[in-house]
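Data first, discussion second: the structure below is written as structure tokens.
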Amino acid sequence: MTLDPNDLDEREALAALCKRLGDDEFVLAERYTEWQVRSPSLESDLALSNIAQDELGHARLWYDLLIDLGYEEPEIVYERDADEWHHSTLVEQPFAEGDWTDPIVRSYLYDVAEKLRLATLEESTHPKIADRVGKIQGEENYHLEHAQNWLERLVADDEGKERVQNAVDRLFPYALTLFEPVDPDVEDDIVDLGLRDATLAEMGEEWLSVVIPYLESLDLDVPESGVEGMDGYAVTDEMLPEHVGRDGSHTEAWSDLFEEFTHTYHDLGRDQSTKIMGRPE
Amino acid sequence: MIWEVFRQEKKGDYHTHCGNVHAPDREMAKQFAAIQHGRRKPTNSIWVVPKDEVGEIDTDDVPFGGTTDKAYRWTTAYNLQTEQAREVEESDSEQQEAEKQRGEA
């Protein structure tokens, strides 16, 4: 399939998909960079900065597809209203101050979801999506391995384990919002058009079936351990936090973060974003 | 714990010492080294070695070779005004190369 430039449903579906993907990556990277020069060691600092840089690069690949649809760069990032961002509320949460387990747990929860969702895009009917997945997957393996290596070591002593447990309790409900719809009709279109080959419900179930056993294997309590019924795992409404992000509803932390990264742009009276490189291939 | 890092640029090259990383164990050391020493330069393989496992012997322990002046072996006394035999020219350029490597050129 090639995108029909005149079909509004197709355009809307593609735009929604790219915003889901790009916004998650962009906002997560914004948060990760807060650890720069504050991580527990030089090495962990560089590793997390590197991951942040990867995620920014991935955001760029997804936002670039919006440019194909006629979007201008400033309206994608600096001039978009805060309530038109569709990232999951997991990625906008402020870090518990000085708690290294927070970015690690967050990264684990996020990177499992990212791995699963990239797999659902491998066969996308939109050729540019399918092309870009491979490049991203190469870098994502490192992210997940990094998070798991840390988790396994952090739970090895009592204090570390307690901190990891607290981070899991705090972040898990927000992670479930990764599988919420931007708009239910548009999400149906995304799947019907073959842009992505799994529904959000399927992806949520798969995520739970990976994350819960893994965290339990580290002897951690998982908030939704009990959800495995006859039909397996499922994300239900009761498990979700008040703000899910995908639909534009965000937590208070988002307005602060948004203000912070758009501040300079407005302060300098800019109407264009700085271009430091050409469009990705 | 400090791990010394050795980077190999291409398959078949020697692994060359390029720095170190702090890491609690081998797995983490490999992961950190990949980012710190393998991200910016062409890299085919990286070794990480616990610093304590590196055996060292230095000038306090042993008089190393390579310090005797063997300039008398060189053909510098010849006056190379005319065209020389190929062997002489090759020998001359080898000596220049050797001097360069010793930092004397």
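First the proteins, then the strands, lettered A, B, ... as listed; each starts at 1. For clarity, every value in this text was computed on a predicted model and none was experimentally measured. In what follows, every heavy atom counts, from backbone to side chain, and hydrogens, waters and symmetry copies are set aside.
- Under a cut-off of 6.0 angstrom, the local environment of CD in A/E162 is sparse, with at most 12 non-hydrogen atoms contributed by other residues, nucleotides or ligands.
- Residues from residues 43-64 of chain A that place a non-hydrogen atom less than 4.5 Å from a non-hydrogen atom of chain B comprise A/E43, A/S44, A/L46, A/A47, A/N50, A/Q53, A/D54, given in numerical order.
- Within residues 142-161 of chain A, the residues having any heavy atom under 4.5 Å from a heavy atom of chain B are, by residue number, A/Y142, A/E145, A/H146, A/N149, A/W150, A/R153.
- Shown here is B/F64, whose CZ atom has more than 12 heavy atoms of other residues, nucleotides or ligands within 6.0 Å.
- No more than 12 heavy atoms of other residues, nucleotides or ligands shown are found within 6.0 angstrom of CD on A/Q272.
- Heavy-atom neighbours of B/R86 CZ from other residues, nucleotides or ligands within 6.0 Å: at or below the threshold of 12.
- More than 12 heavy-atom neighbours from other residues, nucleotides or ligands sit within 6.0 angstrom of NZ on A/K128.
- Residues of residues 36-52 of chain B lying under 4.5 angstrom from chain A, judged on non-hydrogen atoms, are B/Q36, B/R39, B/R40 by number.
- Every side-chain hydrogen bond (donor to acceptor under 3.5 Å, both in side chains) that B/H17 has, sequence neighbours left out, goes to B/E4.
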